[in-house]
Amino acid sequence: MKKVSFVIPMYYEEKVVEECYKRVKKVLNELTQYDSEIIVVNDDSKDQTLPILENLAKNDKSLKVISFSRNFGHQAAVTAGLQYVTGDAIVIIDADMQDPPELVKEMLELWEQGNEVIYGKRKVRKGESAFKLLTAKMFYQTLNALSDVEIPKDTGDFRLVDRKVVDTINQLPEHNKFLRGLFSWVGYKQIPFEYERQERFAGTTKYPLKKMLKLASDGIISFSTKPLKLVGTLGILSVLISFILLVYAIISYIFKLNDLSAGWTSIMVAITFFAGIQLLSIWVIAEYIGRIYDESKRRPQYIIDKKINIEE
Ligand code: UDP
Ligand code: MG
């Protein structure tokens, strides 16, 4: 019998755990032709998330729980889940039920037809602030303008993927995995699946601006060196401008066109402008070096504190 696995990251989701479990379980029970498992990764929530999970896992051996030693973030949580799944078709889904698990039935049909990555594409996003929608739009635009792989618009992490794809992702040596980029990067037979994104069942978003910015810079930097090239272009541009200014200054001096010695303001403007460009450039380069440094330490992307219902 083929097996369907759900990977669900949770961070302070005590209000949604039970509903999430109930709905996913219902879907899996209706899919009688498949074996099933649910892997929940608790990203070190300090609320009741873990106790509730432990309770549920007592009566259901197919509910597996991995608990982190501290908060490592959404991407790390999903990455960990992917390491432990045993299914043939793997569903990645948020805990908050914004992506309806019932859709998995249709996704499985597409999978049975031979598609290997069925990625959810949001047609509508209900109950999200104008700010979130705007930043999300900017995120995808910047990412696609800068990065070398096409990351489909309006696509989050909700998707159904084949075992083969998960094995490929698991074998990638990089530590800081930006999954939605990697799923696109690995190729295979991909197909979008349009759906309406719902409101959060309960609780609030666990993606404050700070985490969103981190995700965006992870995405851009791990998929593109264009920012570095942009820095080069800026450099060339500023050298050109200063050269033109130099020629202008010499001509003015020779022909006494105007008195440049009085140009304190223009000098200050030029100095601060170029200093700004330089600091900006160093920042971009530093972002890359920082990541090289991170990767070179070879520290794991996450540390597991506790496992429930998982045999090694
Ligand atoms: N999440 C996580 N670790 C974090 C932040 C979020 O595991 O540090 C989980 C969270 O519990 C949820 C999913 O990642 O299942 C997506 O988070 P959320 O729904 O808050 O993001 P949004 O839908 O608002 O972008
Ligand atoms: Mg959500």
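Only heavy atoms go into these numbers, but all of them, side chains included; no hydrogens, no water, no symmetry mates. Numbering of ligands and ligand atoms starts at 1, following listing order.
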*After noting the C-alpha distance and the side-chain angles of Asp157 and Arg180, does the key distance pass the salt bridge (charged side-chain N to carboxylate O under 4.0 Å, His left out) rule?*
CA-CA 6 Å; Asp157 284 306; Arg180 43 190 100 156; 3.0 Å; yes
*From atom 19 (O) of ligand 1, work out which of Asp99, Asp157, Asp96, Val16 has a heavy atom at the shortest distance.*
Asp96
*Is the closest heavy atom of Arg197 to ligand 1 under 4.0 Å?*
yes
*Among protein heavy atoms, which sits nearest to atom 21 (O) of ligand 1, and what does the distance come to when rounded to 0.1 Å?*
Tyr207 CD1, 3.3 Å
_Closest protein heavy atom (residue, atom, distance) for atom 16 (C) of ligand 1_ = Asp94 OD2, 3.3 Å
*What protein heavy atom sits nearest atom 2 (C) of ligand 1, and how far off is it?*
Tyr11 CB, 3.4 Å
_Taking Lys25 first and then Asp60, would you say they form a salt bridge - that is, a charged N and a carboxylate O separated by under 4.0 Å?_
yes
*Any idea which protein heavy atom is nearest atom 24 (O) of ligand 1, and the distance to it?*
Thr205 OG1, 2.6 Å
*asked:* Looking only at protein heavy atoms, which one is nearest to atom 14 (O) of ligand 1, and what is the separation?
replied: His74 CD2, 3.3 Å
*asked:* What protein heavy atom lies closest to atom 22 (P) of ligand 1? Include the residue and the distance to one decimal.
replied: Lys132 NZ, 3.6 Å
*Provide the number and element of each atom of ligand 1 under 4.0 Å from a heavy atom of Lys211.*
4 (C), 5 (C), 8 (O)
*Output the atom name for the N/O/S atom of Asp96 with the smallest distance to the Mg ion (ligand 2).*
OD2
_Between the side chains of Lys26 and Glu30, is the shortest nitrogen-to-carboxylate-oxygen separation below 4.0 Å, so that they form an ion pair?_
yes
*Any donor-acceptor pair under 3.5 Å from Gln198 side chain to Gln98 backbone*: no
*Would you call Arg291 and Glu287 a salt bridge, using N to O less than 4.0 angstrom?*
yes
*Tell me: protein heavy atom nearest atom 18 (P) of ligand 1, and distance?*
Arg200 NH2, 3.5 Å
*Sub-6.0 Å ring centroid separation between Phe158 and Tyr119*: no
*Is it the side chain, the backbone, both or neither of Asp43 that has a heavy atom closer than 4.0 Å to ligand 1?*
side chain
*Worked check of salt bridge (charged side-chain N to carboxylate O under 4.0 Å, His left out) between Arg23 and Glu102*: CA-CA 8 Å; Arg23 272 180 64 186; Glu102 292 75 23; 2.9 Å; yes
*asked:* Check this for me: does any side-chain nitrogen of one of Asp88 and Lys3 sit under 4.0 Å from a carboxylate oxygen of the other?
replied: no
*Would you mind running through ligand 1 and noting each atom that sits below 4.0 Å from a heavy atom of Ala95?*
15 (O)
*asked:* For ligand 1, which is the ligand I care about here, please tell me if Pro9 has any N or O atom under 3.5 Å from one of the ligand's N or O atoms.
replied: yes
_Shortest protein contact, atom 6 (C) of ligand 1 (heavy atom only)_ = Lys206 CB, 3.6 Å
*Which of these passes side-chain hydrogen bond (donor to acceptor under 3.5 Å, both in side chains) with Glu116: Lys189, Lys164, Arg163?*
Lys164
*ligand 1 contact on Asn71 by region, counting heavy-atom pairs under 4.0 Å*: side chain
*Between Glu13 and ligand 1, which residue portion shows a heavy-atom distance shorter than 4.0 Å: side chain, backbone, both, or neither?*
side chain
_Using a 4.0 Å cutoff against the non-hydrogen atoms of Met10, which atoms of ligand 1 qualify?_
7 (O), 11 (O)
*Stepwise side-chain contact (heavy atoms from CB on, under 4.5 Å) check, Asn29 with Leu31*: CA-CA 5 Å; Asn29 285 339; Leu31 290 165; over 6 Å; no
*Show which atoms of ligand 1 fall inside a sub-4.0 Å distance from at least one heavy-atom site of Gln98.*
19 (O), 23 (O)
*Asp94 and Arg197 ion-paired at < 4.0 Å*: yes
*asked:* Looking at Arg122 and Glu194, is there a salt bridge between them, counting it only when a charged N and a carboxylate O are closer than 4.0 Å?
replied: no
